[in-house]
Amino acid sequence: MKPISLFLVLLLAQGVSAQFTTDAGIPLDDPSILDWGTAPLIERGLQQLDSTQLGPATIGTAADAAGPADLLVVSLGERGTATYTFDPAIGDGPGWDLAVFENGFASGNGFFLELAFVEVSSDGEHFVRFPATSLTSTTEQINTFGLLAPAQLNNLAGKYEGGLGTPFDLLELVDSSGLDIQHITHLRIVDVVGQLEVGDRDQEGRPINDPWPTPFASSGFDLDAVAFRYLGATSVAEANSPLESILIYPNPIVAGQSLNLQLSEGFYQEDLHFRWYDTRGKIVQEGPLRDHLRAPFTRGLYLLNLCSKTSNEIACLKVMVY
């Protein structure tokens, strides 16, 4: 006989409604947000899978899912997708790393929520899905305007009402084959079809029950924005330069803190000249490199140029300051 799992014991002892946290939504003005995703590639799904004559969802455009959360959305339709590209790549850090914003809302004793899977990739081709869990009852179909309990959901975007992002921690995927959690170049959001009979299932094979049918132009997950908290842990100089194996850390870095450099063989800090550029191409700081190199004192994305006095070779590295 197979032993009962600890997970099941906890469910029996506590009840499924208290399984997951409901107090960790990320406010759109959270000061730890480093930046926001740019306009994603949208592939619309149908308004309703079993009613092809309705056509795809039509509300919003990719631009509505770019930049900070503002409750302007693009509707994905059933199993529609939105794929963000990050350049420079983002990475894992303490706590949550990504937050996905939708436009759900509170109603009575519950919330009207539309859900989506979240997947990430280090190359834009091979995606790994966050392990999603839905403990919502599957005894009856949640109807078109039915309500959900956030405490019964985990790793499903759309868990929180508008203005609060659903957080995701890349560390959960650290053992995933083909994925470097310190070099995430793409994020894909996939609308969940919440129809019990033919819809999507969570990591344990349970049907994910969310409002259905929704035969509207705004069908599917209503994507508002994606926030991220960290860049990848290291930056590398541009290709074909003798300085190409330079690494800098930490990155991102707190304004005014000292950067550390790991130089390729044959180069020395006392032989290098540095120059910081802001995103407008303006030089904000320059001089000879000493034992420690301090980041600029204003938050933002910068280019750090390093030039060898003897060979005149230049390396250019992207550094995020927060």
Side-chain angles (χ1 to χ4, degrees), residues 11 14-25 42-60 64-65 69 71-82 100-118 129-166 189-224:
L11 292 187
Q14 300 177 11
V16 297
S17 63
Q19 185 62 30
F20 302 114
T21 181
T22 59
D23 59 359
I42 303 296
E43 296 188 15
R44 303 268 195 179
L46 292 171
Q47 293 184 30
Q48 193 168 310
L49 289 180
D50 61 356
S51 298
T52 57
Q53 71 275 11
L54 295 175
T58 59
I59 294 298
D64 294 317
L71 296 182
L72 295 177
V73 300
V74 56
S75 298
L76 299 187
E78 294 199 336
R79 293 204 180 107
T81 66
V100 180
F101 290 76
E102 213 253 3
N103 66 347
F105 56 89
S107 178
N109 295 323
F111 294 83
F112 179 81
L113 308 174
E114 293 173 299
L115 307 175
F117 296 115
V118 173
R129 177 172 291 182
F130 280 92
T133 302
S134 172
L135 301 178
T136 303
S137 171
T138 57
T139 302
E140 294 183 359
Q141 174 70 54
I142 302 293
N143 62 32
T144 300
F145 299 106
L147 304 179
L148 296 174
Q152 297 174 348
L153 305 169
N154 189 55
N155 275 347
L156 284 163
K159 172 176 175 175
Y160 296 102
E161 60 188 299
L164 291 175
T166 304
I189 297 167
V190 184
D191 172 71
V192 165
V193 177
Q195 208 270 359
L196 290 180
E197 294 182 2
V198 297
D200 294 307
R201 295 176 178 265
D202 72 3
Q203 62 172 326
E204 301 294 337
R206 288 179 291 262
I208 300 175
N209 195 359
D210 81 350
W212 190 91
T214 54
F216 313 117
S218 60
S219 171
F221 189 82
D222 295 323
L223 176 60
D224 185 356

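Sequential numbering from 1 along the given sequence is applied to the chain's residues.
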Listed by chain and number, what are the side-chain contact (heavy atoms from CB on, under 4.5 Å) partners of [X], not counting sequence neighbours?
X      : result
Ala157 : Val100, Ala116, Val118, Phe168, Phe221
Glu161 : Ala106, Phe111, Leu164
Asp50  : Gln48, Trp212
Asp202 : Thr133, Ser134, Glu204, Arg206, Ile208

Exercise. Applying side chain to side chain donor-acceptor pair (under 3.5 Å), which residue pairs with at least one partner in residues 103-115 are found, sequence neighbours left out?
Worked result: none

Look up atom [atom1] in [X] and atom [atom2] in [Y], then write down how far apart they are to the nearest 0.5 Å.
X      : Y      : atom1 : atom2 : value
Leu148 : Asn209 : CG    : CG    : 7.0 Å
Tyr160 : Leu113 : OH    : CG    : 10.5 Å
Gln195 : Leu49  : CD    : CG    : 9.0 Å
Gln141 : Asp210 : CD    : CG    : 8.0 Å
Leu156 : Thr136 : CG    : OG1   : 9.0 Å
Leu223 : Asp191 : CG    : CG    : 11.0 Å

Exercise. Counting only heavy atoms not in Glu43, do more than 12 sit closer than 6.0 Å to its CD atom?
Worked result: no

Exercise. More than 12 heavy atoms of other residues, nucleotides or ligands under 6.0 Å from CD of Glu140: is that the case?
Worked result: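 Open: at most 12 neighbouring heavy atoms sit under 6.0 Å from CD of Glu140.
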
Which heavy atom in [X] sits nearest to a heavy atom in [Y], and how many Å separate them?
X      : Y      : value
Ala57  : Ser219 : CB-O, 3.7 Å
Gln47  : Pro56  : NE2-O, 3.3 Å
Thr138 : Leu196 : O-CD1, 3.5 Å

Pairwise side-chain contact, [X] with [Y], heavy-atom cut-off 4.5 Å (strictly under):
X      : Y      : value
Thr144 : Pro213 : yes
Leu76  : Val190 : no
Val73  : Asp64  : no

For this session: May I have all residue pairs that pass ring-ring contact (aromatic ring centres under 6.0 Å, His included) and include part of residues 132-153, sequence neighbours excluded?
Result: none

Exercise. Listed by chain and number, what are the ring-ring contact (aromatic ring centres under 6.0 Å, His included) partners of Phe105, not counting sequence neighbours?
Worked result: Phe112

Exercise. Got a sec, which residues hit salt bridge (Lys or Arg N to Asp or Glu O under 4.0 Å) with Arg44, two or more places apart in sequence or on another chain?
Worked result: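 Residues passing salt bridge (Lys or Arg N to Asp or Glu O under 4.0 Å) with Arg44: none at all.
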
For this session: Walk me through it: do Val193 and Val198 pass the test side chain to side chain contact (heavy atoms under 4.5 Å, CB included)?
Result: CA-CA 8 Å; Val193 177; Val198 297; 5.6 Å; no

Going by side-chain hydrogen bond (donor to acceptor under 3.5 Å, both in side chains), name the residues that satisfy it together with [X], two or more places apart in sequence or in a different chain.
X      : answer
Thr139 : Ser137
Ser75  : Asp222
Asp224 : none
Arg201 : none

For this session: Mind running side chain to side chain contact (heavy atoms under 4.5 Å, CB included) on Leu135 and Leu153 for me, showing each step along the way?
Result: CA-CA 6 Å; Leu135 301 178; Leu153 305 169; over 6 Å; no

Exercise. Should Val192 and Asp200 be marked as a side chain to side chain contact (heavy atoms under 4.5 Å, CB included) after you check the CA-CA gap, both sets of side-chain angles, and the distance that decides it?
Worked result: CA-CA 6 Å; Val192 165; Asp200 294 307; 4.2 Å; yes

